[in-house]
Asks: 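Below is the structure I would like to discuss, written out as structure tokens.
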Amino acid sequence: MAMPSTTQTADGTTGAPVIEVRNLGIEFQQNRKRRLSVREMLFTGKSSSPAGTFWALKDVSFDVTAGEGVGLIGANGCGKSTLLRLVAGVMLPDTGSVTVRRGVAPLIELTGGFLGDLTARDNIYLTAGLHGLSREQVEERFDEIVDFAEVRDRLDTPFRHYSSGMQVRLGFAVVTTLDEPVILVDEVLAVGDRAFREKCYKRMEQLIGEGRTLLFVSHSEKDLKRFCTRGIYLRKGEVVADGGIEESFQAYVKDSDKASGK
Amino acid sequence: MLMLDRARELVERRSILRLLVVRDLKVRYSSSALGYVWTILDPLMMALVYWFVFGFIFQGHRKGLDPYILFLVVGVLTWQWFNGGVMDTTRALQQESKLVRSTNLPREIWVLKIVFAKGVEFLLSIPVIVLFMIRYGVPPRWDILWALPAAMLLQTVLITGVGLALAAVTVLVTDMQRVVRILLRVAFYVTPIVYSVDALNQHPALKYVMALNPMTGIVDLYRRCVDLRTPSGASAFDGTAGWHVPAISAVVTVALFVLGSSLFRRLEPAVLKEL
């Protein structure tokens with residue numbers, strides 16, 4: 001078996017898939033408590049919580065080519081978000097590998113980079129900078145970001161005084177102005193008021209229209225069908241169906257109907 | 001080789017590292033009215049307390065160099081960087097967990113930014129030392145030209161190594177932070193801050209054990225920058241001062257760095273699952 005690895009390389013040669021996932025597996029502790037207290041470490045050397053692990057993802061393989069819109073479908077806890085994080089490189093696999101050949105704009109934890117004590121203006125520069133934009137690039141896009149998030153009149157307000165909806169709006173605006181050709185979305189479209197949601201949809205469609213590659217996690221049938229042409233259905237960490245979005249979604253619906261019918 | 005790859009990646013992202021350091025300092029200084037004064041006030045008060053206790057009350061048995069208050073200020077400010085750096089790096093990953101989980105940067109960056117932010121604070125506190133030197137008419141020594149950069153480099157490497165290990169371990173082991181706090185307090189007295197390492201000249205074996213503590217040599221290097229005197233009035237660092245102590249420190253520092261960074265790499269997958 002190959003060494004587990006997550007690599008992101010910039011030199012994407014045309015033809016090669018943008019995202020290449022091979023035999024990917026990741027193992028979690030059953031109770032999600034891996035931490036030891038010092039007392040446990042000293043006296044027993046073991047965690048006091050019951051042992052046991054499970055594979056959140058097992059032997060997952062697929063390729064995504066440039067410009068594809070791929071939806072990840074499945075019940076809660078089936079490994080969708082974990083898979084997204086592995087592709088984003090913010091988690092490391094226990095087995096297999098993820099290769100991403102282009103830059104990634106992760107719409108995961110959108111407000112993670114923002115600091116409550118700084119103003120929105122400072123926060124925009126910081127977060128965009130963390131995602132790799134230079135100061136000049138941010139200046140160029142600053143107005144676009146501010147207009148999209150509709151926060152112009154509160155630019156110098158400390159970020160913690162923003163409502164949670166406004167915080168997410170700003171996060172979405174910053175991350176979607178990145179030029180990265182691969183976009184990862186983890187159910188962030190469900191936030192914001194109606195008008196803003198519609199704006200987000202438009203922005204997403206525009207990005208897809210530009211030929212970006214999309215990996216999309218959602219429970220909403222409507223959203224999935226709107227943005228994705230292909231669907232990957234995960235059940236308990238394994239790929240059950242990988243095909244057209246319609247077929248994959250039907251497979252999921254059939255499964256969950258069967259489960260609730262029992 | 002893996003380590004070199006990481007280092008290269010970090011060098012490529014140095015602009016992001018700078019951004020994070022500036023952000024840290026900005027937050028720190030925008031959220032308190034006195035800002036800079038706090039960074040200086042705390043160590044200065046401590047130096048005064050030690051001066052009162054050891055320089056005044058225990059006057060006859062003092063084991064430091066003259067002027068004692070300058071000797072203390074150099075030691076305490078140096079310790080402040082180490083202490084603050086280590087305390088903050090234990091929380092490095094948890095504090096920024098949202099960012100760690102949403103941006104694919106080399107994870108070492110979260111530790112490094114703390115080391116550098118604290119380093120900048122140390123640099124900003126150097127004028128205080130200069131003021132004390134002027135007040136007591138103590139000139140710098142020529143050694144400052146290499147001893148100061150060497151000391152700062154060693155200290156950066158040391159805090160980074162210790163910080164990498166602690167940042168990762170703290171995510172996996174709860175109450176590590178409390179352990180670290182206690183150990184740091186002990187380490188303060190085991191490190192020659194309120195006394196000189198030469199106070200142990202009658203016990204050479206013990207002196208070399210003390211030298212295994214890398215901060216011993218680092219503090220010694222800082223003090224070589226200033227023309228401190230022994231109680232008899234002789235210049236403390238001319239000719240007689242050996243190089244063993246800083247040399248041992250350097251070796252231990254590098255070893256801790258290698259250990260810390262490989263531990264960080266090894267624990268990284270587990271840490272990311274836990275955050």
Side-chain angles (χ1 to χ4, degrees), chain A residues 4-8 26-29 32-42 47 56 81-82 85-94 100 103-119 122-123 125-135 158 171 175 184 186, chain B residues 2 5 9 12-32 93-107 109-110 113 168-183 264-275:
Chain A
S5 66
T6 307
T7 16
Q8 291 198 0
I26 188 164
E27 190 181 22
F28 282 103
Q29 304 296 307
R32 307 283 299 222
K33 178 177 182 295
R34 201 202 148 87
R35 299 176 170 208
L36 304 171
S37 76
V38 169
R39 179 172 44 84
E40 287 162 354
M41 227 170 31
L42 286 178
S47 175
S81 295
T82 306
R85 279 167 198 276
L86 284 162
V87 173
V90 297
M91 246 187 216
L92 300 171
D94 289 318
V100 182
V104 167
L107 277 85
I108 304 172
E109 305 242 11
L110 278 178
T111 55
F114 294 112
L115 280 179
D117 281 333
L118 298 182
T119 64
D122 286 341
N123 268 312
Y125 278 96
L126 276 166
T127 309
L130 280 186
H131 286 290
L133 290 189
S134 70
R135 204 170 170 85
V175 179
L184 309 176
D186 193 358
Chain B
L2 219 53
D5 284 350
E9 212 177 323
E12 277 166 16
R13 311 285 176 98
R14 64 185 176 279
S15 64
I16 293 181
L17 181 57
R18 189 169 55 226
L19 203 71
L20 286 169
V21 171
V22 172
R23 183 191 76 155
D24 266 20
L25 294 170
K26 224 178 199 170
V27 169
R28 192 172 163 136
Y29 291 122
S30 73
S31 60
S32 77
L93 293 171
Q94 276 153 326
Q95 202 179 18
E96 303 283 2
S97 64
K98 276 185 168 175
L99 267 181
V100 180
R101 278 185 303 176
S102 64
T103 48
N104 183 20
L105 297 167
R107 254 70 60 174
I109 215 167
W110 307 110
K113 67 136 192 185
V169 170
T170 310
V171 175
L172 301 177
V173 182
T174 48
D175 49 17
M176 192 64 198
Q177 239 180 296
R178 290 159 198 276
V179 176
V180 170
R181 191 171 303 146
I182 296 170
L183 287 181
F264 188 86
R265 298 282 311 173
R266 166 138 358 141
L267 295 180
E268 199 175 11
V271 164
L272 290 175
K273 284 180 201 170
E274 206 55 50
L275 276 175

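Note: hydrogens, waters and symmetry copies are ignored here, and every other heavy atom, side chains too, is used. First the proteins, then the strands, lettered A, B, ... as listed; each starts at 1.
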Asks: Between Leu118(A) and chain B, which part of the residue has a heavy atom less than 4.5 Å away: side chain, backbone, both or neither?
Replies: side chain
Asks: Glu96(B), Arg178(B), Arg101(B): which one forms the most heavy-atom pairs within less than 4.5 Å of chain A?
Replies: Arg101(B)
Asks: What part of Leu115(A) gets within 4.5 angstrom of chain B, counting heavy atoms only: side chain, backbone, both, or neither?
Replies: side chain
Asks: Which heavy atom of Leu130(A) sits nearest a heavy atom of Leu19(B), and at what distance?
Replies: N-CD2, 3.7 Å
Asks: Where on Arg107(B) is there a heavy atom nearer than 4.5 Å to chain A: the side chain, the backbone, both, or neither?
Replies: side chain
Asks: In terms of heavy-atom proximity below 4.5 Å to chain A, should Thr103(B) be classed as side chain, backbone, both, or neither?
Replies: both
Asks: Taking side chain as everything from C-beta outward and backbone as N, CA, C, O, which of these in Val100(B) sits under 4.5 Å from a heavy atom of chain A? Side chain, backbone, both or neither.
Replies: backbone
Asks: Report the option among Gly132(A), Gly129(A), Pro158(A) that has the most heavy-atom pairs separated by less than 4.5 Å from atoms of chain B.
Replies: Gly129(A)
Asks: Enter the distance from Leu92(A):CG to Glu268(B):CD here, rounded to the nearest 0.5 Å.
Replies: 5.0 Å
Asks: Please look at Leu105(B) and chain A and tell me whether the side chain, the backbone, both or neither of the residue comes under 4.5 angstrom of a heavy atom of that chain.
Replies: side chain
Asks: Top residue by heavy-atom pair count (under 4.5 Å) with chain A, among Ile109(B), Val271(B), Leu99(B)?
Replies: Leu99(B)
Asks: Any idea which heavy atoms bring Glu27(A) and Lys273(B) closest together, and the distance?
Replies: O-NZ, 2.6 Å
Asks: Which heavy atom in Ile108(A) sits nearest to a heavy atom in Ser102(B), and how many Å separate them?
Replies: O-CB, 3.3 Å
Asks: Got a second to check how far Asn104(B)'s CG is from Arg85(A)'s CZ, nearest 0.5 Å?
Replies: 12.5 Å
Asks: Hey, what do you get for CD1 (Ile16(B)) to CG (Leu126(A)), rounding to the nearest 0.5 Å?
Replies: 11.0 Å
Asks: Between Leu20(B) and chain A, which part of the residue has a heavy atom less than 4.5 Å away: side chain, backbone, both or neither?
Replies: side chain
